[in-house]
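Just so it is clear: chains get the letters A, B, ... in the order the sequence lines come, proteins before strands, and each one is counted from 1. What you see below is based on every heavy atom in this structure, not just the backbone, and it leaves out hydrogens, waters and symmetry mates.
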Amino acid sequence: MDWGTVFSDTLRAMFGETAIVFALAAIGLNIHFGFTGLLNFGQAVFMAAGAYGLALFAAIPFTAPGGGDQAAWGGQPFWVSVLIGVIGFPVLLAIVLGVPTLRLRADYLAIVTIATAEIFRLLARSPSFDAVTGSSDGLTQFARPFYSGISCTPSQGDCWFNPEERYLGLFTGNQMWLVIVGWIVVALVAFAVWVLMRSPWGRVLQAIREDEDAARSLGKNAYSYKMQALIVGGVIGAIGGMLRAIGTQLANPDQFITDVTFFAWVAVILGGVARVFGPILGSMIFWAVLAFSDSFLRQSVKRTVSGEELGFIPESIMTTNQAGLVRFILVGAMLAALAAFRPQGILGDKDEMALDDR
Amino acid sequence: MTDSTDRIEDVSGRGGLPTDMGDTSAEVKARAKAAAAERAESVADVAQEPGSKKPDPILVVDQVSRSFGGLKAVDVDHLEVQRGIITALIGPNGAGKTTFFNLMTNFDTPDTGTRQFTSDGRSQAGARKEYDLAKFPAHKVANIGMVRTFQLTKSLSKMTVIENMKLGATKQVGENFFLALLPFIWGKQERENEKRAEGLLARFKLDHMRDEFAGTLSGGQRKLLEMARALMVRPELVMLDEPMAGVNPALKQSLLDHVKGLAEEGMTVLFVEHDMDMVQEISDWVVVMAEGQIIAEGPPAAISNNQAVVDAYLGSHHDSALDFGDGAAPVDDVEGSNVEGSNVEGSNVKGDDDAMATDAVHDVDTAADADADEGKA
Ligand SMILES: Nc1ncnc2c1ncn2[C@@H]1O[C@H](COP(=O)(O)OP(=O)(O)OP(=O)(O)O)[C@@H](O)[C@H]1O
Ligand SMILES: [Mg+2]
């Protein structure tokens with residue numbers, strides 16, 4: 001057993017791009033669900049809005065080998081595309097989702113968001129829009145401005161990071177830069193949420209979560225505040241999605257499948273609902289556990305590497321390939337245990353949670 | 001009407017209940033008596049009939065109706081609520097009182113009719129202004145100076161008591177998303193609101209619960225909190241849906257004093273209450289509703305003598321409490337004869353009370369009332 005690898009795999013997952021992306025998605029969901037009581041089961045589509053907002057406009061147009069334009073909307077300035085991805089798309093999306101549903105009961109938003117996320121994904125995959133979205137291959141060649149001048153090989157110029165070097169024994173130069181920017185963004189967003197939730201604005205959201213009619217009887221426009229919450233949470237999710245696209249240098253439909261939404265939900269519940277740092281902690285722990293069990297299981301399965309017998313779990317129980325799936329079983333068991341023994345999440349307060357039952 | 005003011009004296013004298021106003025109780029009593037007399041005076045000349053005109057109505061309701069399927073829950077021809085006094089809205093279960101509240105505050109929309117609210121500019125710091133309530137969605141109703149509480153208490157469980165209170169304040173700068181990010185802009189207003197909230201909490205004896213979650217409060221405490229929170233709005237018209245339900249006798253008494261205090265401060269109070277002792281004690285005017293219609297109006301003493309009210313409310317209320325359907329009560333029923341045989345005040349409502357009383361504390365209440373009656377005789 002190579003514990004060094006297991007731990008570096010775990011640390012990489014805990015602090016890497018994925019944890020950042022899901023921390024942001026979960027912070028957004030926490031504003032929706034934790035603070036306002038909105039059921040958003042389509043956070044993936046807000047993330048996709050961020051990723052595609054950037055990719056659609058910043059990608060460099062080219063002609064495919066078989067002929068035909070690709071990235072037809074591309075070629076716009078990077079920062080304009082970032083703004084479209086972070087503000088334009090998610091705000092528009094929130095309004096489209098919210099206008100018909102936010103006057104109704106909470107479940108309507110849930111249905112509409114889950115459907116919209118799937119519709120978006122299927123449209124993005126559809127060959128009909130291939131020239132614009134790149135269909136199932138998605139879009140590439142849009143993230144370069146993020147790294148240029150900051151991460152490059154010494155032969156290319158004088159940069160802060162070298163893509164060919166390892167930093168902290170975990171990240172390449174590109175990854176290191178993304179991780180630094182990512183955690184700064186997470187910290188700023190978390191601070192803003194912390195301030196907001198202690199402000200009268202945040203108080204109105206929490207009142208709406210507790211009882212919308214009470215809030216309205218006290219002069220608060222519940223519909224408007226729910227819309228604002230949907231927008232703010234969506235924008236934060238979109239920042240996460242955009243970082244994912246920048247990190248992978250790719251925006252494609254399979255990055256935003258329904259699982260993505262539910263991983264973000266797991267992060268919120270694991271960390272503690274309506275806790276500012278809950279989603280961040282939840283995301284880090286979720287990905288750390290997944291990486292740890294993956295790495296651990298893979299190393300435990302009996303296999304032969306260059307003539308040497310390694311591992312102790314016989315192939316009759318699981319193969320290396322199956323190990324990747326078994327980790328989800330373990331994570332599921334962990335969540336079940338959490339629900340049984342600490343339903344309020346890691347940072348949650350049991351007494352507060354029990355108030356529901358009175 | 002002098003009867004009812006006397007009664008106020010009797011009540012506040014008994015048991016040395018706290019007055020919370022910081023003045024000597026003699027001064028308070030004198031002031032309360034004067035204020036009550038003034039309020040009674042303002043409706044002294046009003047005709048005692050359904051839909052009567054008031055000299056200075058804050059709320060005018062015309063032809064308002066609301067049906068649920070085949071059931072006409074509210075069908076009010078005309079109703080005016082006098083400004084500055086305490087009006088009680090009574091009537092049997094299912095009479096449409098809560099629905100009427102919902103219609104006034106736009107939590108529900110009437111099928112027909114008009115509703116007009118006339119502000120005297122207290123809460124808006126402006127001139128007298130008339131508002132057509134049809135144009136104001138529920139959240140705007142609060143901002144023009146009308147606030148209501150709910151029959152089923154709506155405390156915000158996972159917020160602390162003080163946060164519940166601060167929510168009630170209107171025109172908060174920090175409720176704007178962008179300004180909320182800049183605490184130094186809303187900090188001062190927040191502290192002012194907090195001070196006012198603490199003052200109200202102390203008045204309602206909830207100051208020791210300041211930092212507890214509202215969900216940990218008892219049912220009665222939640223009623224108090226909801227009422228205190230409504231006052232944070234600085235309303236002109238306070239509409240309370242059964243504010244005393246589930247509140248213990250001693251606290252009920254101080255709640256009554258608070259309600260009277262509101263009127264002394266110039267607020268108009270419209271409240272729904274089944275406890276006729278309470279109605280007798282604090283209201284200046286009583287409106288009786290049955291099957292959606294206003295069937296009687298008048299000062300409390302006259303109302304409890306009104307045969308139509310006795311038949312529709314006290315009798316049928318008892319019946320419906322026992323689930324006998326809503327037929328009129330038989331006249332020779334024990335309950336009914338009790339009502340008829342009794343004097344105007346107090347005792348005629350015992351039947352109603354007993355029908356609802358399930359807890360031991362209630363005995364204390366009725367015993368205390370008996371004392372009060374004796375003291376008078
Ligand atoms: N949303 C609704 N849908 C259908 N019927 C309703 C609705 N709201 C009220 N009702 C009916 O309207 C009638 C009046 O109800 P309301 O709650 O106004 O009575 P109330 O006078 O407040 O009674 P109580 O003294 O018991 O509180 C009842 O018969 C009730 O069943
Ligand atoms: Mg009612």
Side-chain angles (χ1 to χ4, degrees), chain A residues 31 34-37 91 94 103 188-189 191-233 235 272-275 344 348-358, chain B residues 101-102 105-107 137-150 152-159 163-183 185-187 189-190 193 212-219 222 226 229-230 232-233 235 239:
Chain A
I31 292 181
F35 292 108
T36 321
V91 171
R103 284 188 204 280
L188 290 176
V189 167
F191 179 70
V193 171
W194 185 81
V195 171
L196 281 171
M197 291 311 153
R198 265 152 198 75
S199 77
W201 185 81
R203 182 159 63 220
V204 176
L205 296 195
Q206 290 165 59
I208 289 170
R209 174 194 69 199
E210 295 300 303
D211 195 313
E212 195 178 321
D213 282 345
R216 287 201 293 156
S217 77
L218 297 170
K220 318 300 173 195
N221 186 347
Y223 177 69
S224 157
Y225 280 95
K226 287 201 281 185
M227 184 64 89
Q228 292 174 40
L230 189 63
I231 290 174
V232 173
V235 162
V273 172
R275 291 286 179 275
Q344 70 273 33
D349 175 351
K350 192 154 200 169
D351 292 340
E352 188 179 339
M353 179 139 165
L355 292 176
D356 279 341
D357 308 330
R358 269 176 63 103
Chain B
F101 267 34
N102 289 343
T105 48
N106 277 323
F107 274 86
H139 68 270
K140 286 194 179 153
V141 167
N143 291 322
I144 59 175
M146 253 172 98
V147 70
R148 59 89 56 95
T149 64
F150 295 86
L152 298 173
T153 322
K154 293 188 184 298
S155 57
L156 309 167
S157 302
K158 289 188 196 166
M159 294 169 70
E163 290 290 309
N164 262 268
M165 291 296 290
K166 284 192 281 183
L167 179 75
T170 50
K171 299 200 183 84
Q172 296 190 49
V173 216
E175 285 180 358
N176 173 293
F177 171 74
F178 295 103
L179 298 180
L181 286 163
L182 310 168
I185 288 183
W186 48 264
Q189 191 190 34
E190 179 84 350
N193 286 337
E212 303 292 328
F213 284 121
T216 65
L217 299 185
S218 74
R222 289 182 203 197
E226 196 185 18
R229 192 176 63 195
M232 285 296 290
V233 172
M239 301 172 70

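- If you measure heavy-atom distances from B:Ala214 to chain A, you find no contacts under 4.5 Å at all.
- Scanning all heavy atoms of the two residues, the minimum distance from B:Met165 to B:Met232 falls at O-CG, 3.2 Å.
- Within the 4.5 angstrom heavy-atom criterion, only side-chain atoms of B:Phe150, from C-beta onward, approach chain A.
- B:Arg222 and B:Gly215 make their closest contact through NH2-O, 2.9 Å (heavy atoms, listed as atom of the first residue, atom of the second, distance).
- Looking at A:Gln228, only its side chain comes within 4.5 Å of chain B, counting heavy atoms on both sides.
- Judged by distance alone, the side chain of A:Gln206 and the main-chain N or O of A:Gly202 form a donor-acceptor pair under 3.5 Å.
- Contacts of B:Glu190 with chain A are made by side-chain atoms alone, with heavy-atom separations under 4.5 Å and no backbone atom involved.
- Ranking A:Val195, A:Leu205, A:Asp213, A:Val232 against chain B, the residue ahead of the rest is A:Asp213, based on heavy-atom pairs under 4.5 Å.
- When A:Ala215, A:Ala222, A:Ala214 are compared by the number of non-hydrogen pairs under 4.5 Å with chain B, A:Ala214 comes out ahead.
- Between chain A and the options B:Lys140, B:Arg148, B:Arg229, heavy-atom pairs under 4.5 Å are most frequent for B:Arg229.
- Chain A forms more heavy-atom pairs under 4.5 Å with one residue of B:Leu179, B:Leu167, B:Thr170 than with any other, namely B:Leu167.
- Nearest approach of B:Ala230 to B:Thr149, heavy atoms of both residues: CB-CG2, 4.1 Å.
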Show, in sequence, the C-alpha distance, side-chain angles and deciding distance for B:Trp186 and B:Gln172, and conclude whether the side chain to side chain contact (heavy atoms under 4.5 Å, CB included) test is met. CA-CA 8 Å; B:Trp186 48 264; B:Gln172 296 190 49; over 6 Å; no

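- Across A:Pro200, A:Ser199, A:Ala192, the residue that shares the most heavy-atom pairs under 4.5 angstrom with chain B is A:Pro200.
- Judged purely by atom type and a 3.5 angstrom limit, A:Glu210 uses its side chain to pair as donor or acceptor with the backbone of B:Lys158.
- The part of B:Asn176 that comes within reach of chain A is its backbone (N, CA, C, O), which places non-hydrogen atoms under 4.5 angstrom from that chain.
- In this pair, A:Tyr225 and A:Trp201 present their aromatic rings tilted. The plane angle is within the 30 to 60° band.
- Within the 4.5 angstrom heavy-atom criterion, only side-chain atoms of A:Arg209, from C-beta onward, approach chain B.
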Checking B:Phe107 against A:Arg216 for the side chain to side chain contact (heavy atoms under 4.5 Å, CB included) test, could you report, in this order, the C-alpha distance in whole Å, the side-chain angles of both residues, the deciding distance, and whether it holds? CA-CA 9 Å; B:Phe107 274 86; A:Arg216 287 201 293 156; 3.7 Å; yes

